[in-house]
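Read through the structure below, which is laid out as structure tokens, and then see the notes.
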Amino acid sequence: MVITSRKNDAVKRFRELLREKSVRDAQGVFAVEGDHLCGELAKGGFRILTALMTENAAVKYPKTAAALGSAGEVVVISQEIAEYISDTKAPQGLFAIAEKPHSDGIPDGAGRLVLLDGVQDPGNVGTILRTAEALGFDGAALSPECADIWSPKTLRASMGSVFRLPCITGELPGIISGLKEMGFRVYGSMLDSSAAKLGELEFPERAAVVIGSEGDGMTRLVREKCDFLVSIPMKGKISSLNASAAAAILLYEAVRQRLGQ
């Protein structure tokens, strides 16, 4: 049976989860859409509670549709309903609701971490997490003021990295204190003449890089917890960089030194 009603329970639940962080938090679940993210979700070993798909999507994306077939509930929906629940202008017709993973904290043996202090744009958060995974970082910690990693925009920007990169959320001053006890040195990104220039500092075996918010940078308490402050040298009339662009440069430098390249 093809669902055509907006009042269907699975349809209403998906739409609400996609749009409301409070609902995702309360239920401990999240929603994704599209061939790529649904496919990455299925490969990641998440418990998929509900899958929704159009008949055309099942034909066009057979591998992902088959992977979603193991969900606790599979609902076939019309194209009109797909457009109604989607967060994109051209939905591919594949949707899923899954349980959030249980965080085990910072992975044992971690050597490189990225800490996000109030980064509020979901596109920036997702892009930074994607960059961190690409460069071999071992995990991320986000302050409560950051954009939700389970929001649709963050998930799309991360291209599925959120499913694979261990992430924790909590008050960064306390997290940083714990990291220091584990032997980490913490480097805070800052636009300030007192900060060392990138390239002047060496990153030890265990290093965490802090990226501050787009408008205000790091909070005072986080800044005071950092072992070192570091800035990116810039020329011309450019005085600042987008948070995700700055993060890419800083994270790459940390990895480049570690690899000795």
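Remember, predicted model here, so these are calculated numbers, not experimental data.
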May I ask you to test the V209-E253 pair for a side-chain heavy-atom distance under 4.5 Å?
no
Side chain of R206, backbone of A110: donor and acceptor closer than 3.5 Å?
yes
With heavy-atom distances below 4.5 Å as the criterion, would you say the side chains of L172 and M218 are in contact?
no
Go through it in stages, so that I can follow the logic: the residues are R24 and K100, the test is side-chain contact (heavy atoms from CB on, under 4.5 Å), and I'd like the CA-CA distance, side-chain angles, deciding distance and then a yes or no.
CA-CA 9 Å; R24 294 192 293 268; K100 292 182 181 179; 4.2 Å; yes
Donor-acceptor contact present, side-chain T54 to main-chain Q79, <3.5 Å:
no
Point-to-point distance, once rounded to the nearest 0.5 Å, from CZ of R112 to CG of D138
9.0 Å
Got a donor-acceptor contact below 3.5 angstrom from the E40 side chain to the G160 backbone?
no
Is any side-chain N of the basic residue among E224 and R220 closer than 4.0 Å to the acidic one's carboxylate O?
yes
Can you list the steps and then say if Y187 with L250 is a side-chain contact (heavy atoms from CB on, under 4.5 Å)?
CA-CA 10 Å; Y187 297 75; L250 289 160; over 6 Å; no
Do L135 and L116 sit in the same hydrophobic cluster, where Ile, Leu, Val, Met, Phe, Trp and Tyr count as joined when their side-chain heavy atoms come under 4.5 Å apart?
yes
L94 reachable from I97 in the ILVMFWY side-chain graph, under 4.5 Å edges
no
Between S177 and K225, do the side chains contain an N or O donor and an N or O acceptor separated by less than 3.5 Å?
yes
Relative to F228, does R185 satisfy both conditions: NZ or CZ under 6.0 angstrom from the six-membered ring centre, and within 45 degrees of the ring's axis?
no
Out of curiosity, does F95 fall in the hydrophobic cluster containing Y84 (side-chain heavy atoms, cut-off under 4.5 Å, transitive links)?
yes
Provide the full list of salt bridge (Lys or Arg N to Asp or Glu O under 4.0 Å) pairs with a residue in residues 113-137, sequence neighbours left out, each pair given once.
E133-R164
Whether D25 and K21 form a salt bridge (side-chain N of Lys/Arg under 4.0 Å from carboxylate O of Asp/Glu) is what I want to check.
yes
L221 and I175: same hydrophobic cluster, using ILVMFWY side-chain contacts below 4.5 Å?
no
Smallest heavy-atom separation, L165 atom then A132 atom, equals CD2-CB, 4.0 Å
All heavy atoms of A42 vs all of A67, minimum pair found to be CB-CB, 3.6 Å
Assess, by modelled atom type and distance only, whether the side chains of E214 and N124 contain a donor and an acceptor separated by less than 3.5 Å.
yes
I need the I3 CD1 to N8 CG distance, nearest 0.5 Å.
4.5 Å
Minimum heavy-atom distance A71-T50, with the two atoms named:
CB-C, 4.2 Å
Got D9 and E73 here, is their nearest side-chain heavy-atom distance under 4.5 Å?
no
Would you say E145 has more than 12 foreign heavy atoms packed within less than 6.0 Å of its CD?
yes
Checking T154 side chain against D148 main chain: does a donor-acceptor pair fall under 3.5 Å?
yes
Residue R19 excluded, over 12 heavy atoms near CZ under 6.0 Å:
yes
Kindly compute the distance separating CD1 (I149) from CG (L155), expressed to the nearest 0.5 Å.
8.0 Å
Min side-chain heavy-atom separation F137-I128 under 4.5 Å:
no
Can you tell me how far the CD atom of E16 sits from the CD1 atom of I85, to the nearest 0.5 Å?
13.0 Å
Side-chain donor-acceptor contact under 3.5 Å, S244 with N242:
yes
Could you check if a side-chain atom of E33 sits within less than 4.5 angstrom of a side-chain atom of P152, using non-hydrogen atoms only?
no
For the residue pair R6 and I81, establish whether any side-chain heavy-atom pair is separated by less than 4.5 Å.
yes
If you measure from the Lys or Arg side-chain nitrogens to the Asp or Glu carboxylate oxygens, is any gap between D227 and K180 under 4.0 Å?
yes
Same cluster or not: I77 versus L41, using hydrophobic residues (I, L, V, M, F, W, Y) connected whenever any side-chain heavy atoms lie under 4.5 Å apart?
no
Approximate separation, where rounding is to 0.5 Å, of L142 CG and I211 CD1
11.5 Å
Report the C-alpha distance between V32 and F163 in whole Å, list the side-chain angles of each, state the deciding distance to 0.1 Å, and finish with yes or no for side-chain contact (heavy atoms from CB on, under 4.5 Å).
CA-CA 11 Å; V32 301; F163 302 150; 3.9 Å; yes
Kindly determine whether M1 and V76 satisfy side-chain contact (heavy atoms from CB on, under 4.5 Å), including the steps that lead there.
CA-CA 7 Å; M1 180 177 68; V76 180; over 6 Å; no
Which heavy atom of D216 sits nearest to which heavy atom of S213, and what is that distance?
N-OG, 3.2 Å
For S151 against P122, the heavy-atom pair lying closest together:
OG-CB, 3.9 Å
For a quick test of reading the model, state the closest non-hydrogen atom pair linking G93 to A82 and the distance between them.
CA-CB, 4.5 Å
Rounded to the nearest 0.5 angstrom, the CZ-CG distance for F14 and D87 is 8.5 Å
